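Side chains included, hydrogens not; waters and symmetry mates left out as well; all remaining heavy atoms used. Numbering of ligands and ligand atoms starts at 1, following listing order. Please read all numbers here as calculations on a predicted model, not as lab measurements.
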Amino acid sequence: MKVLLIGSGGREHVIAETIARSKQRPDLYAVMSRKNPGTARLCRDFLIANEDVESVIPYARSKGIDLAVIGPEAPLDLGLADALEDDGIPCLGPRYAPAQIELDKAWARIFMRKHHINGCPVFEVIEEGDVDGAHAVIERLGDVAVKPAGLTGGKGVRVMGDHFSDIEGAKSYASELLNAGKVVIEENLKGEEFTVQALTDGETLAFAPAVQDHKRAYDGDRGPNTGGMGSYSDAGDILPFMRKQDYEDAKEIMRDTIKNLKKYAGVYKGVLYGQFMLTAKGVKVIEFNARFGDPEVMNVLPLLHTDFVDILSAIADETLSDINVEFERLATVCKYLVPAGYPENPVKDTVVEIGDTGDALLFYSSVYEKEGQVYTTGSRAIAVLGIAQTIEDAEKIASSGLSGIDGDLRARSDIGTAALVQKRIEHAARLRGL
Ligand code: AMP
Ligand code: GLY
């Protein structure tokens, strides 16, 4: 079995590890835009090239690839899943049409409204240049989030109270964005965020445990938004601040989404990532992604008990319902080391020295290898993962793992600590009016 992985980040490193431990002993190949040392080490062969149709298809043909896994969203936007499937190579990663659920936030909201998917906030889509329309919607909704419709790596969304203090701030950000394309303006959802990721063949969904990411750059949820500084999960499906019903509600929303995508945009094969807000009025959808989350994938794939290549084959054959997808019941804490100054003025091309990380697992993210040395790129560099019976113990393992890595890097120290988890529990209790 020859499996091709597309992507060069931390998400792809953990995917590569999960493919490599399959009992089918697959041969792993990769196309990556830069040499990820973790992924490269697991590959029989790899190509350093753009993660696009022009590079991937000839390479996949030349290697006789059986199955492909697309890690990031950018290749989906280039129609890579369509090109692979049309070439006879089944692929984890949806075709361009159903991938719009991530690629176009305006499309996603209109889809949700049209199909009466639960958890959709009040929103309006504003066409490019319609500044008066945007201002009228902001006046009407008051407390809003303003989002560019296209891909922004999670960094284009701005929320009242966080990024601007009043309606005037929202208007000026919307006006600026409208020069470049459509904008979604929606109610500002208040609550606790959580992520649910599912593998799907377009019919059946296999759900991973819920995870909570930490977007803000600094301890105490301060500073600018990032791609995600770290994340945790509990032993079992839900997080300590959630009720079982919150997870069930999120799962139902995701099942309904896949069912309606099939009718509206075609069969969706891949990962559906649901980002949810637990609010005083129940579970709401912040957004969907068409791939695993980074860092959230690190919390779930190392716990996957079922053979991943069996799952990939079942997704290809649309027989996922025949497989029992299981995750170990253990807690995890993931912490990202990022370059000093990240995300605003990160140092780049600095050396990272990796020593003894103890019991922590290590995943290489936005780094590259040159002449045996690992260098930063300016984005999130290295993730460490602790796995234990409790979140608290997993946090200790992750933290001591960090101390084995040297470089001009920093991490958040509060992710997964008992104090921060307790804050989340109290916040959720207040939301529920307890
Ligand atoms: P996204 O790129 O849609 O994941 O948004 C990035 C972050 O912005 C999310 O993780 C939330 O913290 C925040 N966000 C997005 N939409 C909303 C909303 N409607 N209300 C409140 N916060 C939001
Ligand atoms: N951690 C958020 C994302 O992967 O979109």
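- Nearest residue to atom 5 (O) of ligand 2 from R11, H214, R291, E102 is R291 (criterion: closest heavy atom).
- Residue D213 has at least one N or O atom closer than 3.5 Å to an N or O atom of ligand 2.
- By the criterion of a heavy-atom distance under 4.0 Å, the side chain of K215, and not its backbone, is placed next to ligand 2.
- Ring geometry for H13 against F363 counts as perpendicular: the plane angle is over 60°, on a 0 to 90° scale with 30° as the lower cut.
- Of the candidates K215, M160, R158, it is K215 that places a heavy atom closest to atom 7 (C) of ligand 1.
- The backbone of E187, and not its side chain, has at least one atom closer than 4.0 Å to an atom of ligand 1 (non-hydrogen atoms only; backbone = N, CA, C, O).
- Of the protein's non-hydrogen atoms, Y273 OH, 3.4 Å is the one closest to atom 2 (C) of ligand 2.
- Nearest approach of L4 to A60, heavy atoms of both residues: CD2-CB, 3.9 Å.
- A cation-pi arrangement is found for R113 relative to F123, the charged atom lying closer than 6.0 Å to the ring centre and inside a 45° cone about the ring normal.
- From I65, atom CD1 reaches atom CG of L28 across 8.5 Å, with rounding to the nearest 0.5 Å.
- D162 and R216 are joined by a salt bridge, as a carboxylate oxygen and a charged side-chain nitrogen come within less than 4.0 angstrom of each other.
- Residue I286 has at least one heavy-atom neighbour below 4.0 Å for each of these atoms of ligand 1: 9 (C), 14 (N), 15 (C), 16 (N).
- Within the 4.5 Å cutoff, side-chain heavy atoms of L385 are placed close to those of N299.
- Assignment of P295 to the shell around ligand 2 is supported, since a heavy atom sits closer than 4.0 Å.
- Counting heavy atoms under 4.0 Å from ligand 2, residue T195 does not touch it at all.
- Of the N or O atoms in G228, none lie within a sub-3.5 Å distance of an N or O in ligand 2.
- Counting heavy atoms under 4.0 Å from ligand 1, residue L189 touches it through both backbone and side chain.
- Close contacts of ligand 1 with E287, meaning ligand atoms under 4.0 Å from a residue heavy atom, involve 1 (P), 2 (O), 3 (O), 4 (O).
- Checking R432, E192, Q422, K190 one by one against H427, the side chain to side chain donor-acceptor pair (under 3.5 Å) holds for a single residue, E192.
- Using a 4.0 Å cut-off to heavy atoms of A145, the atoms of ligand 1 that qualify are 17 (C), 18 (C), 19 (N).
- Listed by atom number, the atoms of ligand 2 under 4.0 Å from G227 heavy atoms are 1 (N), 2 (C).
- Ligand 2 places these atoms under 4.0 Å from at least one heavy atom of E296: 1 (N), 2 (C), 4 (O).
- The two atoms that bring L76 and Y96 nearest to each other are O-CD1, 3.5 Å, heavy atoms only.
- Taking each heavy atom of I405 and L362 in turn, the nearest pair found is CD1-CD1, 3.9 Å.
- In terms of heavy-atom proximity, P37 sits nearest to V374 at CG-CG2, 4.2 Å.
- Close approach of ligand 2 to N289 is summarised as follows: ligand atoms under 4.0 Å from at least one heavy atom of the residue are 5 (O).
- Residue K105 has at least one heavy-atom neighbour below 4.0 Å for each of these atoms of ligand 1: 1 (P), 2 (O), 3 (O).
- Residue N188 has at least one heavy-atom neighbour below 4.0 Å for each of these atoms of ligand 1: 20 (N), 21 (C).
- A cation-pi geometry, defined here as NZ or CZ lying under 6.0 Å from the six-membered ring centre and within 45° of its normal, does not hold between R34 and Y368.
- W107 and F111 have parallel rings, their planes meeting at less than 30° on a 0 to 90° scale where 60° marks the start of perpendicular.
- The heavy atom nearest to atom 11 (C) of ligand 1, considering only E193, K147, R109, is found in E193.
- Shown here for D221 and R412, the closest heavy-atom pair between the two residues is OD1-NH2, 3.0 Å.
- Less than 4.0 angstrom separates some heavy atom of G293 from each of these atoms of ligand 2: 4 (O).
- With a 4.0 Å cut-off on non-hydrogen atoms, V159 touches ligand 1 through its side chain and not its backbone.
- Not close to ligand 2: F292, with no non-hydrogen atom less than 4.0 angstrom away.
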